[in-house]
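Worksheet: one structure, shown below.
Computed from a predicted structure; not experimentally measured. The figures here come from the full heavy-atom set of this structure, side chains too, leaving out hydrogens, waters and symmetry mates.
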There are 2 protein chains.
Amino acid sequence: MKKMTIDQVATAAGVSKSTVSRYLNGNFQKMSDSTRERIQATIRDLNYHPNRQAQTLKTKKTGLIGVVVADMANLYSAKMISGAGKVARVHQYQLLIMDSNNSFEQEHESLRQLQDQSLEGLIIQPMSRKSTDYQEIIGELPTVFVDRVTDSNQWPFVGVDNYEATRHLGSLIAKRGYQRILIISEPIDVSQARFDRVRGVKEIARRNKIQCELLEITESVPPEIRHEIKQKIGTLTQNQEPAVIFASNSRLLMQVMQLINDLQLRIPADIGLCGFDDWHWTALTNPPIASIEQDAVGVGQAAMTTVINQLERPDQVVKDQIIASTLNVRASI
Amino acid sequence: MKKMTIDQVATAAGVSKSTVSRYLNGNFQKMSDSTRERIQATIRDLNYHPNRQAQTLKTKKTGLIGVVVADMANLYSAKMISGAGKVARVHQYQLLIMDSNNSFEQEHESLRQLQDQSLEGLIIQPMSRKSTDYQEIIGELPTVFVDRVTDSNQWPFVGVDNYEATRHLGSLIAKRGYQRILIISEPIDVSQARFDRVRGVKEIARRNKIQCELLEITESVPPEIRHEIKQKIGTLTQNQEPAVIFASNSRLLMQVMQLINDLQLRIPADIGLCGFDDWHWTALTNPPIASIEQDAVGVGQAAMTTVINQLERPDQVVKDQIIASTLNVRASI
DNA sequence: TTGTACGCGTTATCAG
DNA sequence: CTGATAACGCGTACAA
């Protein structure tokens, strides 16, 4: 099964390669049925497939859209890609996926590599909130930022309104009468999304004069940090005032819940618990955990739709899209 | 920021494009330092990036490896890709990802599309166990099958030994003294993995004279099926003999657990529960659920390593790789 | 209705 | 050490 070229097809079919090319691109308007059928047959017989690179070299259309996610192994990124892929397929685009592995350096490297793949569009879940980090490397490429906003609106954004979502959650916390909140988050300075999640809860806490503390945690919670969190939780529960923990993503929520279980504390009697991200296991714990659910697939679909729109109608104005999130109220709070 | 070509760089640097090409490909051996530096400078100034399509057209090297997964929104697929991506990066390959969406037709379409992207390698989580479904479309392309074996060993396989893993689990079930097993699985005829999971449990059940029943479920459990399962569970618990349910993947496990909760049954007092796939939420429920954990990231890494090995040492014999799985014994059983 | 000839941006083989 | 020049496989004016 060696590579066939359009020339071989042409000679085999007894026509010139222009005719074959016309056939390939669906220009049948002016082509005798006999030659059309002859070409069709030889293409099938020879199992010919046009060379995409050569086509691209002429047409400048790669049909490739880059997707750079923060962490492929995270369900949010995966579902986002899933949504993007569904839309891409119907428009005949293919996805070139890069994983930043939660590292700004790797993201930059990914973008550099994508740069010379002649992508037609880009969807990115950025590691930085500084638009200057992306300006030159993205250039004029139709791009959509997902999940995390940057400090500029030169590119459309698709994602949830973290601030609004956590304000909702904050109100629920206040209504339940909690007096103290411990927010556990990954470093908030690199991601506007993380920042906004904290900000939303803090804002409501301030208004309701609820004590609110932030604990920033890097990566996968090494033993010494586990200890620190445990102590924090211990102090929290010694106090008479009812306290609640808000874990700002699914992974942290899982780990915090494990710690609470280790400490043999009862939820919500001893301490309340709620989180961000909801991949449905939260409904199965005892008690079920209140958390904010985002439609990651929907984000991916909207983002890809926007990119493709830009491609097909370049003049059209693009605007941000806020995808609704849901607060799943459950017994943990 | 228009596209620069090697010609423009050449004239700007006052050399011929051959020299620039040599520079690009690291052939400095015979090049004066002065010209080298001059080229370097102009490339930087002009922000020149070589056109991959043109390079590929000459060299036949795309640097692209295709990955076809069963369902991107499934953590197994996502983690597998994550592992594959890590290895691909260090070898400077990029991933072209396709999502079969659990559909054989979509998988076939994906493969057809990948076919003319001139991939250098392929990793596939197949929808069919018939190797003939892949024979012509894959051809000579270095390929690794992951997660699910086919009926032929012409391609290397990487994944867990489902049969062995579920036999382990079966032994535990027997040891716990259960008299009846209900296996809930997605259709087993399309995937050898599913088939083997059922087979392992059944085999141990037969040996220990435990009653064993299989319930096959398609897709996302519509209401009427939910009802059917509920009834099955009802019958199971009415009997005096201790019964256990084995859900053969994570999604089913989640849904079954929800149903058990709805029925207000106690685990394991009224009914035991265990599953396949373990994304750690299983440790947080009450009680924690016993399940089999597979190292999906490891599978992806091993698969990509195998593909790249084939690329770099084509003569080397390739062989299957079984990635160890872990039975997490927990209180649900 | 079909064929000829050229160019897309790069690498590689020659000479020089 | 460097520069012409010919491919690579395809699309497309232009010509026939």
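Rounded to the nearest 0.5 Å, atoms CD (Q53(B)) and CD (Q53(A)) are 6.0 Å apart. Taken to the nearest 0.5 Å, the CD atom of Q316(A) stands 12.0 Å off from the CG atom of L311(A). To the nearest 0.5 Å, atoms OG (S16(B)) and CZ (R22(B)) are separated by 6.5 Å. Atom CD of residue Q94(A) and atom CZ of residue R89(A) lie 10.5 Å apart, to the nearest 0.5 angstrom.
In terms of heavy atoms, M31(A) sits closest to Y23(A) at CE-N, 3.8 Å.
Dashed line: the shortest gap from a side-chain N or O of K60(A) to OP1 or OP2 of dG9(C) is under 4.0 Å. Distances shown here put a side-chain N or O of S21(B) below 4.0 Å from the OP1 or OP2 atom of dT11(C). Using a 4.0 Å cut-off, some side-chain N or O of N25(A) falls inside it from OP1 or OP2 of dG11(D). The side chain of Q55(A) contributes an N or O atom lying less than 4.0 Å from OP1 or OP2 of dG11(D). Between T5(A) and dG9(D) there is no side-chain N or O to OP1 or OP2 distance below 4.0 Å. One finds a side-chain N or O of Y48(B) lying less than 4.0 angstrom from the OP1 or OP2 phosphate oxygen of dT10(C).
For residues 61-115 of chain A, the set of pairs meeting the ring-ring contact (aromatic ring centres under 6.0 Å, His included) definition, not counting sequence neighbours, is empty.
Nearest-nucleotide assignment on DNA chain D puts the 5′-proximal partner with G14(B), out of G14(B) and Q53(A). With the nearest nucleotide of DNA chain D identified for both T59(A) and M31(B), M31(B) has the one nearer the 5' end.
The base of dT4(C) sits with one of its N or O atoms less than 3.5 Å from a complementary donor or acceptor on the side chain of S18(A). With hydrogens and angles ignored, a donor-acceptor pair closer than 3.5 Å exists between the side chain of K58(B) and the base of dT11(C). Taking 3.5 Å as the limit, the base of dG3(D) and the side chain of R22(B) contain a donor-acceptor pair of atoms between them.
Within the cation-pi definition used here (under 6.0 Å to the ring centroid, within 45° of the axis), R129(A) qualifies as a partner of F195(A).
With rounding to whole Å, M4(B) atom CE is found 12 Å from dG9(C) atom P. Atom CZ in R52(B) sits about 11 Å away from atom P in dT11(C), given to the nearest Å. Rounded to whole angstrom, the span from the CG atom of L57(A) across to the C1' atom of dG7(C) amounts to 9 Å. Atom CG in N27(B) sits roughly 14 Å away from atom P in dC1(D) (whole-Å rounding). dG3(C) atom P lies 16 Å from atom OH of Y23(A), rounded to whole Å. Atom CG in D7(B) sits roughly 12 Å away from atom C1' in dG3(D) (whole-Å rounding). Spacing between atom CG of N51(A) and atom C1' of dC8(C) amounts to 13 Å, rounded to whole angstrom units. Here dT13(C) presents its P atom at 16 Å from NZ of K17(B), a figure rounded to the nearest Å.
Near DNA chain C, meaning a heavy atom under 4.0 Å away, there are no residues from residues 32-40 of chain B.
For Y134(A) (side chain) and S128(A) (main-chain N/O), a donor-acceptor pair under 3.5 Å exists by modelled atom type.
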